[in-house]
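Reckoned from all heavy atoms, side chains included, excluding hydrogens, waters and symmetry mates. Within every chain, numbering begins at 1; the chains are lettered A, B, ... in the order of the sequence lines, protein sequences first and strands thereafter.
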Amino acid sequence: MSTRVRFAPSPTGLLHVGGARTALFNWLYARHAKGVFVLRVEDTDEARNSQEAIDVIFSGLKWLGLDWDEGPQKGGDYGPYFQSQRKEIYLRYAQRLLDAKLAYDDKGAIRFKLPKKIVRVPDLICGAVHFDLSAEPDLTIVRPDGSFIFHLVNVVDDIEMKITHVIRGEDHLSNTPKHLALFEALGAAPPLYAHIPLILNRDGSKMSKRDEGAAVGDYAAKGFAPEAVRNYLCFLGWSPKDDREILLMDEVVALFELSNVHRHNARFDMDKLQWMNGQYLARMTLDRFVELGRPVLEKNGLVSAQTDPVYLRAALETVKEKVKLFTDLPIWMAYFFKDAFPMDADAAEKSLKKPGALDCLRDLRTRLERTSPWNAAQLEADLKSLAAEKKVKAGEFIHPCRVACSGRSIGPGLYQMLEVLGRARVLDRLDRASGATTGGMER
RNA sequence: GACCCCAUUGUCUAGCGGUUAGGACAUCACCCUUUCACGGUGAAAGCACGGGUUCGAAUCCCGUUGGGGUCGCCA
């Protein structure tokens, strides 16, 4: 029988990183076992349902590259994949329990009689865990208004959808003996269980909606690349057991085993995610960098449909291995697109107000007027020969020039930056900074 | 409170009876360098505690402490 796993989120309005990690582990296991990854929406709580909340789940999973084989938008032989559309099925199962006297009416609600016994829960990650159900109150499975409760629908769907492995958060471990009892009462063989550890905040507290990093939907806006977030999530509760940190998904799929998933919770470390994101930005193709970076610059009004794509691409290339977040792009690159770019006060103080700096800029301006061809190598050669002639260190020209042209003391390699900026912009900015012309430079 | 899970540097982890306890992020030096990153070298930082078992425990057992989870007509 082929492996079938499912991710069964409830539309709460956000996709929690813990949930995303659960989806990721299900996806990894399905791909590893060459099985099927099912997406099922647990929307039995009608008060909380909304199309927006459901879309958040879809877009979050897609952003992370977690494609499902069966489910909403995809179809499959075991649908529908929204629990709100499966009421007849649940009713049928509830009736079976009633008929078998394994459930009963209680003030309009239906309750399942939990067996008074010790139930052994075999878990692929935690090992066998025993629970004594004898003191547990019976399980409500249908409300007086006829709506169904999680425990029933979850079990019924896992039966109906022929789920073979349930990979879910450890917060469900205590529910599992009850679910096992339900499987038994319904005469169905239960799936194999794998309860994965939880993701906590950096300080060890429970991660809730409002905590930093909790919502997958926020990562794009925060400047992360999806491949970096996905890579980071793999390492929360799992490791390849060697020293690698950056792994291709194909490699993780090949290595991923449930038996290697940790039993202890992990804490979310934003610093490490940022480092990993920087690694991904530096290593990704320039095409991908442009694809993800352009929208950020557009959103900040620096780039529009009219922007020369060749220039944009060249400009992005200069900072690709420097920035760690896409959200850093506007501050790193404004001067490429605006002549009235911000001037960093400290940088100006240090480099432009320095005695002799303005003379250097004038001399450099004269030299660069004739630079040909206008490329990084020639720019470097001309600047250095000028410095040699004047018998000063190249830095005397480099630092004021950088600040004059970009308004910042940090940035891309100077010559590459000048090449991309082009002769006209560079000469104009050198003039403005040296006082040869009065410009509209922003403070 | 009851029940369940867990415990290696600040964080993520390797380790699965004998290791100078390894790697990564973060921190601090130094090197590289036109800046900032990257990269390189090095430093500081860990087996929660107490009992066992054993010739020998980070590793196995028990307890304590600490953290997390579950005890809904939420999912």
A.B. asks: Whether A:Lys393 contacts B:U34 is assessed here as follows: a side-chain N or O lying under 4.0 Å from the phosphate OP1 or OP2. Is that the case?
C.D. replies: no
A.B. asks: Work out how far the C1' atom of B:A58 is from that of B:A14, and round it to whole angstrom.
C.D. replies: 12 Å
A.B. asks: Is the distance from OP1 or OP2 of B:G39 to the nearest side-chain N or O of A:Gln279 less than 4.0 Å?
C.D. replies: yes
A.B. asks: Ignoring backbone atoms, establish whether A:Ser174 has a side-chain N or O less than 4.0 Å from OP1 or OP2 of B:C3.
C.D. replies: no
A.B. asks: Could you work out the separation of B:C62 and B:C4 based on their P atoms and round it to a whole Å?
C.D. replies: 13 Å
A.B. asks: Could you check how far CZ of A:Phe268 sits from P of B:G68, rounded to whole Å?
C.D. replies: 19 Å
A.B. asks: So, OP1 or OP2 of B:A7: does either fall under 4.0 Å of a side-chain N or O from A:His262?
C.D. replies: no
A.B. asks: Using the P atom in both, what is the distance from B:G67 to B:U27, to the nearest Å?
C.D. replies: 28 Å
A.B. asks: If the plane angle is over 60° it's perpendicular, under 30° parallel, otherwise tilted; pick one for A:Phe235 and A:Trp238.
C.D. replies: perpendicular
A.B. asks: Does B:C73 pair with anything, Watson-Crick or G-U wobble, both distances under 3.5 Å, and if so, with which nucleotide?
C.D. replies: none
A.B. asks: In terms of the angle between their ring planes, are A:His165 and A:Tyr29 parallel, tilted or perpendicular, with boundaries placed at 30° and 60°?
C.D. replies: tilted
A.B. asks: So does A:Thr12 get a side-chain nitrogen or oxygen closer than 4.0 Å to the phosphate oxygens (OP1/OP2) of B:A75?
C.D. replies: no
A.B. asks: Should A:Lys324 be listed as having a side-chain N or O under 4.0 Å from OP1 or OP2 of B:A26?
C.D. replies: yes
A.B. asks: Flag this pair as yes if the NZ/CZ of A:Lys222 is under 6.0 angstrom from the six-membered ring centre of A:Tyr219 and inside a 45 degree cone about the axis; otherwise no.
C.D. replies: yes
A.B. asks: Check this one for me: any side-chain N or O of A:Thr140 less than 4.0 Å away from OP1 or OP2 of B:C73?
C.D. replies: yes
